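Report on the following structure.
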Amino acid sequence: MADSSKKMQIVFASAECAPFVKTGGLGDVAGSLPAALVRAGAEVIVMVPKYATIKDEYKAQMEHFSDFYVSLGWRNEYCGLEKLEHDGVTYMFIDNERYFARDYPYGFFDDGERFAFFSKAITESLQHLPAGFECDILHCNDWQTALAPVFLREFYQGLPLYDRVKTVFSIHNVAFQGQFSDTVMEDILGVAHIPAAASQLRCDACSVNYMLGALRYADAITTVSPTYANEIQTPEFGEGLDGVLRERSYALQGILNGIDVAGFDPATDKRIAANYTVDDRSGKAVCKAKLQEELGLEVRDDRPLMVMVTRLTRQKGMDLVMYALDRILAGGVQVAVLGTGDRDYEDGLRYFQDKYPGTMAARIEFDPALSQRMYAAADMFLMPSKFEPCGLSQIIAMRYGTLPIVRETGGLKDTVQPYNEFTGEGTGFWEAPRGALYHSEKVVDGKIEGYQIIIPSTWNLAPKNEKGQHGPLEEALIGVPVGDIPVYSMEEMPNFLKENMPDIAVLALPRRVAQEALDKLYACGIRAVWNFAPTDLTHPDDMLVVNVHLTDSLQTLTYHMAHRNEENSK
């Protein structure tokens, strides 16, 4: 009978882990989740490569625990285990200077070999752990550790110590999979002679995919938010792995990431200019003024300050930011951006900084200390990612009382409650993805005769009411061929919407008629606001997307206008 009093013993393997080495969200999670597991009653050992970039102060605290050799194809490679206790968690650093004495964790020609060694070293290390520690769960993270479940099954199965081990594989970003030439199967991995491994690692005629191996071999699969778990099972977000993720959907769970709330606490954080709490936010105003001064912005409390801390890439929504930035800055909003990335975006931010001195600040660098001051000082945090597995920045922003403006995708959708102007509830603002409803025109003899409203049958993004049901229009139109949808004139459309639509809808309108349509909707008591505009709006037929709020009646609009006029007259 199993000993019910025995603590669960977990080995947590990650290519990066704060505070020792961090390039993104994976490092933050690996730095906080093991400590949370310890507090929950588990025994945890974290395995991380011993990179040359780890600070000397941490290296000085490491003690040599064990060493052995790891077989990797035809090689026998040295592996040392350097032990460190930090904040109640045991860390074992995998030591091999040939592979890890580099100036950055990733981006080298031999990454396939380096992290194959890391995965093999993880599995081999399970028999060299402290006395009494017998691994129950091996938790692997992203492609750099994805081969560990494969090696465990193919090389260690049948050994008593290993038969007890269950494997969990966590996807932090499915876009990074570890794809390499299939020559590594024999030369490095040593599995070319094992048909099951060779076939399940192969992703095409001449390539292997490390993450694919983990998805097929791991006992359980997790990812970092419930919405992302659903998204990656579709071709749009699955990056070619949606098929195997659908096959193993029974083993897949989305578990929302979190942050170390004690480490990110504006009431005690010594990295910010002044501390503050929910009850006394005066310190946040001090933080804002200090940051404005530091970044060369006008020190004014009446100017909203919007910040971004991000990689400057298209995935992070930078194309949309560059499109909208001129209008944002011209409207008086101060903007500060911290990050590095694609050269075009870096140069674009520098251009706006020169164009709007005192209003725009671009810091093209990686500076964790400055990012902390920006979270604390800002009024708004902009994060319009095209996809986001979870994202921690918006969670940190909310912890510091900064309103996130995010796109409705992945973990952004799961962590940010959109503001409801009628109830006052919400923790931030959503920008919805491209539309649940699309508008098209019927043209006869070169003239616009009328308009159709279409719901793409493949997306199922039509608006729902509070009971989770589609309205009558959606139920009637989902899957109906475009040719069978009635045509409505511009004059008929507002009343048609009011009679048939649920509370909130999304319309896509050609640029040349968009303003006319919005004017007519407004005249009929329907409020429509711009929601999304692509960066290439150069042709009259380009589509603009707008939010349509049907519950905002003419009476409500009149009240808002009267209230605003009353405030202005005081």
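Keep in mind that this is a model prediction, so the values were computed, not measured.
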### Query
In terms of side-chain heavy atoms, does Gln315 have a donor or acceptor partner in Ser385 at a distance below 3.5 Å?
no
### Query
So does Glu388 pair up with Lys413, basic N to acidic O under 4.0 Å?
no
### Query
Would you say the ring centroid of His128 lies under 6.0 angstrom from that of Phe65?
no
### Message
Taking the cut-offs as 6.0 angstrom to the six-membered ring centre and 45 degrees off its axis, would you call Arg102 and Phe108 a cation-pi pair?
### Response
yes
### Query
For Tyr351, does the OH atom sit with more than 12 other heavy atoms under 6.0 Å from it, leaving out its own atoms?
no
### Task
Please confirm whether Phe180 and Tyr210 have ring centers closer than 6.0 angstrom.
yes
### Task
For the pair Glu298 and Gln334, evaluate side-chain hydrogen bond (donor to acceptor under 3.5 Å, both in side chains) and give the outcome as yes or no after the intermediate values.
CA-CA 9 Å; Glu298 293 182 28; Gln334 291 182 335; 5.3 Å; no
### Task
Dump the intermediate steps for side chain to side chain contact (heavy atoms under 4.5 Å, CB included) on Leu291 and Leu370, then the final yes or no.
CA-CA 9 Å; Leu291 184 73; Leu370 176 57; 3.9 Å; yes
#### Entry: Glu231 side chain to Gly410 backbone, donor-acceptor under 3.5 Å
yes
### Query
What orientation do Tyr91 and Phe20 show, parallel under 30°, tilted 30 to 60°, or perpendicular over 60°?
perpendicular
#### Entry: All pairs passing salt bridge (charged side-chain N to carboxylate O under 4.0 Å, His left out) where residues 115-130 contributes a residue, at least two apart
none
### Task
Determine, step by step, whether Phe133 and Ile45 satisfy the side chain to side chain contact (heavy atoms under 4.5 Å, CB included) criterion, reporting the C-alpha distance in whole Å, the side-chain angles of both residues, the deciding distance to 0.1 Å, and the verdict.
CA-CA 9 Å; Phe133 193 103; Ile45 291 178; 3.8 Å; yes
### Task
Could you check Lys288 against Asp301 for salt bridge (Lys or Arg N to Asp or Glu O under 4.0 Å), going step by step and ending with a plain yes or no?
CA-CA 8 Å; Lys288 179 177 178 179; Asp301 59 5; over 6 Å; no
### Query
Under 3.5 Å, is there a donor-acceptor pair between the Lys284 and Thr402 side chains?
yes
### Query
Is a side-chain N or O of Asn209 found less than 3.5 angstrom from the main chain of Leu212, in a donor-acceptor match?
yes
### Query
Short question: side chain of Glu346, backbone of Gly341 - any donor-acceptor pair under 3.5 Å?
yes
### Query
Can Met92 and Ser125 be said to form a side chain to side chain contact (heavy atoms under 4.5 Å, CB included), step by step?
CA-CA 9 Å; Met92 288 288 186; Ser125 296; over 6 Å; no
### Query
Is the shortest distance from a Lys or Arg side-chain nitrogen in Arg314 or Asp342 to a carboxylate oxygen in the other one below 4.0 Å?
no
### Message
Assess, by modelled atom type and distance only, whether the side chains of Tyr78 and Glu97 contain a donor and an acceptor separated by less than 3.5 Å.
### Response
no
### Task
For a side chain to side chain contact (heavy atoms under 4.5 Å, CB included) with Leu245, tell me which candidate from Asn230, Leu215, Thr234, Thr223 qualifies.
Leu215
### Task
Considering only NZ, NE, NH1 and NH2 on the basic side and carboxylate oxygens on the acidic side, decide whether Asp136 and Lys7 come within less than 4.0 Å.
no
### Message
Considering only residues two or more places apart or on different chains, which pairs with a residue in residues 35-59 satisfy side-chain hydrogen bond (donor to acceptor under 3.5 Å, both in side chains)?
### Response
Gln9-Glu43
#### Entry: Set of side chain to side chain donor-acceptor pair (under 3.5 Å) partners for Gln253, sequence neighbours left out
none
### Message
When you measure from the side chain of Asn96 to the backbone of Cys79, do you find a donor-acceptor pair of N or O atoms at a distance under 3.5 Å?
### Response
no
### Residues Arg303 and Asp379 bridged, charged N to O under 4.0 Å
no
### Query
Do Asn141 side-chain atoms and Ala13 backbone N/O form a donor-acceptor pair below 3.5 Å?
yes
Below 3.5 Å, can you tabulate the donor-acceptor pairs from side chains in residues 255-277 to any protein atom, sequence neighbours excluded?
from: Asp260; atom 1: OD1; to: Ala262; atom 2: N; distance (Å): 3.1
from: Asp260; atom 1: OD1; to: Gly263; atom 2: N; distance (Å): 3.3
from: Asp265; atom 1: OD1; to: Ala267; atom 2: N; distance (Å): 3.0
from: Asp269; atom 1: OD1; to: Arg271; atom 2: N; distance (Å): 2.8
from: Asp269; atom 1: OD1; to: Arg271; atom 2: NE; distance (Å): 3.0
from: Asp269; atom 1: OD2; to: Arg271; atom 2: NH2; distance (Å): 3.3
from: Asp269; atom 1: OD2; to: Gln372; atom 2: NE2; distance (Å): 3.1
from: Asp269; atom 1: OD2; to: Tyr400; atom 2: OH; distance (Å): 2.5
from: Arg271; atom 1: NH2; to: Gly263; atom 2: O; distance (Å): 2.8
from: Asn275; atom 1: ND2; to: Pro266; atom 2: O; distance (Å): 3.0
from: Asn275; atom 1: ND2; to: Asp269; atom 2: O; distance (Å): 2.8
from: Tyr276; atom 1: OH; to: Ala376; atom 2: O; distance (Å): 3.2
from: Tyr276; atom 1: OH; to: Tyr400; atom 2: O; distance (Å): 2.8
from: Thr277; atom 1: OG1; to: Asp279; atom 2: N; distance (Å): 3.4
from: Thr277; atom 1: OG1; to: Asp280; atom 2: N; distance (Å): 3.1

### Query
Any sub-3.5 Å donor-acceptor pair from Gln177's side-chain atoms to Glu239's backbone N or O?
yes
### Message
Using only atom types and a distance under 3.5 Å, with no angle test, would you say the side chain of Arg248 pairs donor to acceptor with the backbone of Ala218?
### Response
yes
#### Entry: Passing option when Pro389 is tested against Asn173, Ile171, Thr409 for side chain to side chain contact (heavy atoms under 4.5 Å, CB included)
Asn173
### Task
Under the ring-ring contact (aromatic ring centres under 6.0 Å, His included) rule, what do Phe169 and His139 come out as? Steps first, then yes or no, please.
CA-CA 6 Å; Phe169 180 71; His139 187 170; 8.8 Å; no
### Message
Pair Phe352, Thr359 - check side chain to side chain contact (heavy atoms under 4.5 Å, CB included), show working.
### Response
CA-CA 9 Å; Phe352 283 114; Thr359 301; over 6 Å; no
### Query
Distance only, no hydrogens: is a donor on one side chain within 3.5 Å (strictly under) of an acceptor on the other, for Thr90 and Glu85?
yes
### Partner residues of Asp87 under the side chain to side chain contact (heavy atoms under 4.5 Å, CB included) criterion, sequence neighbours left out
none
### Query
Any sub-3.5 Å donor-acceptor pair from Ser119's side-chain atoms to Gln144's backbone N or O?
yes
#### Entry: salt bridge (charged side-chain N to carboxylate O under 4.0 Å, His left out) partners of residues 347-359, not counting sequence neighbours, each pair once
Asp326-Lys355, Arg343-Asp347, Asp347-Arg350
### Task
Return the orientation label for the Tyr104 and Tyr106 ring planes: parallel under 30°, perpendicular over 60°, tilted otherwise.
perpendicular
### Under 3.5 Å: donor-acceptor pair, side chain of Glu16, backbone of Gly24
yes
### Sub-6.0 Å ring centroid separation between Phe381 and Tyr375
yes
